[in-house]
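Here it is: the structure, laid out below.
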Amino acid sequence: MVRPETPKGVVLVLMPIGRDAATVAKLIERAGLRPVVCNTLQEVIENLEWVIEVVVVAEEALYGNNARVLEDWVGRQPPWSDQPFVVLTNRNEGGKFAAFRRELVIRLRNVGFSRAPLAGHHASGHGTFRRARSKTTVSNSCVP
């Protein structure tokens, strides 16, 4: 669990299926950040009360009403805040998946997409986490 004294560079990871969470956590560590693997969306929400660099979440964890739960949290953010999310997509491409992803952009506002798993994409994964981290650093530095 993330605590108030948690150091900077914390990345929440929610990958409920398979061993992708461990793979993604290793990539995050290699990027110089601290992964915190969450087992449920509720655990992610609880940890979002602290300063988090980015949330990395598997697309399938947002199916059903789960995206709405995260959207509710996004709606309660302070006006200056813009929590970044990286959604790791599955290989499904059809129209319903494209529509779901467009809806996530509207609901989560600051969201990027990357194909999962990232195991074969080490350089791409590093860049994704660093870009999300720098966006947060810039937005947090604007706070008085």
Side-chain angles (χ1 to χ4, degrees), residues 1-118 121 124-144:
M1 169 149 278
V2 177
R3 304 270 184 234
E5 65 277 6
T6 299
K8 290 186 176 185
V10 173
V11 177
L12 299 181
V13 177
L14 177 59
M15 308 284 298
I17 299 174
R19 296 183 304 177
D20 284 347
T23 301
V24 170
K26 285 179 185 175
L27 285 172
I28 291 168
E29 286 176 344
R30 288 183 189 157
L33 301 169
R34 181 176 167 244
V36 173
V37 176
C38 299
N39 296 310
T40 66
L41 187 57
Q42 183 58 41
E43 208 175 318
V44 169
I45 299 294
E46 289 168 6
N47 282 308
L48 281 170
E49 298 309 316
W50 310 110
V51 176
I52 303 299
E53 300 291 337
V54 64
V55 177
V56 178
V57 60
E59 181 176 43
E60 59 269 14
L62 298 175
Y63 293 157
N65 284 328
N66 290 344
R68 184 174 309 238
V69 171
L70 210 47
E71 176 185 20
D72 290 344
W73 182 88
V74 167
R76 291 190 308 270
Q77 290 184 100
W80 51 262
S81 184
D82 196 13
Q83 178 65 53
F85 296 90
V86 174
V87 176
L88 300 181
T89 63
N90 54 41
R91 298 188 186 276
N92 297 323
E93 293 298 328
K96 72 178 184 175
F97 293 100
F100 176 75
R101 292 170 189 150
R102 281 191 302 274
E103 189 68 26
L104 285 178
V105 171
I106 294 166
R107 290 176 162 198
L108 302 182
R109 295 189 284 213
N110 186 5
V111 62
F113 297 89
S114 186
R115 179 153 295 166
L118 292 173
H121 305 287
S124 170
H126 289 260
T128 299
F129 301 128
R130 287 191 179 157
R131 279 189 301 278
R133 180 180 185 189
S134 68
K135 277 184 180 180
T136 301
T137 302
V138 168
S139 66
N140 286 345
S141 68
C142 297
V143 179

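No experiment lies behind these values; they were computed from the predicted model shown.
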Donor-acceptor check, side chain of Asp20 to backbone of Met15, threshold 3.5 angstrom: yes or no?
no

Pair up each side-chain donor or acceptor in residues 65-72 with any protein partner under 3.5 Å, not counting sequence neighbours, and list the distances.
from	atom 1	to	atom 2	distance (Å)
Asn66	ND2	Ala61	O	2.9
Glu71	OE1	Arg107	NE	3.4

What's the separation between atom CG in Leu12 and atom CG in Asn47, rounded to the nearest 0.5 Å?
5.0 Å

Looking only at heavy atoms, what is the nearest atom pair of Pro35 and Ala25, with distance?
CG-O, 3.5 Å

Test side-chain hydrogen bond (donor to acceptor under 3.5 Å, both in side chains) applied to Arg101 - qualifying residues, sequence neighbours left out
Glu59, Asn90

I need the full list of ring-ring contact (aromatic ring centres under 6.0 Å, His included) pairs touching residues 53-77, with sequence neighbours left out, sorted by first then second residue.
Tyr63-Phe100

Do Leu14 and Val55 have side chains that get closer than 4.5 Å, going by heavy atoms?
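No, every pair of side-chain atoms sits at 4.5 Å or beyond.
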
Would you please name every residue forming a side-chain hydrogen bond (donor to acceptor under 3.5 Å, both in side chains) with Gln77, sequence neighbours left out?
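Per chain and number, Gln77 pairs via side-chain hydrogen bond (donor to acceptor under 3.5 Å, both in side chains) with Ser81.
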
Gap between atom CG of Leu48 and atom CD of Gln83 - 0.5 Å precision:
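It is 5.5 Å, given to the nearest 0.5 Å.
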
Checking Glu53 side chain against Gly9 main chain: does a donor-acceptor pair fall under 3.5 Å?
yes

Against Phe85, only a single residue in Val74, Val54, Val105, Leu62 fulfils side chain to side chain contact (heavy atoms under 4.5 Å, CB included); can you say which?
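Result: among Val74, Val54, Val105, Leu62, Val74 is the only option passing the side chain to side chain contact (heavy atoms under 4.5 Å, CB included) with Phe85.
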
Separation of Leu108 CG from Glu103 CD (nearest 0.5 Å):
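Going from CD on Glu103 over to CG on Leu108, the span is 9.5 Å.
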
Rounded distance [0.5 Å steps], CG in Leu41 versus CD in Glu46:
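Reported to 0.5 Å precision, the distance equals 10.0 Å.
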
Partner of Val13 by side chain to side chain contact (heavy atoms under 4.5 Å, CB included), out of Thr23, Val44, Ile28, Val36
Ile28

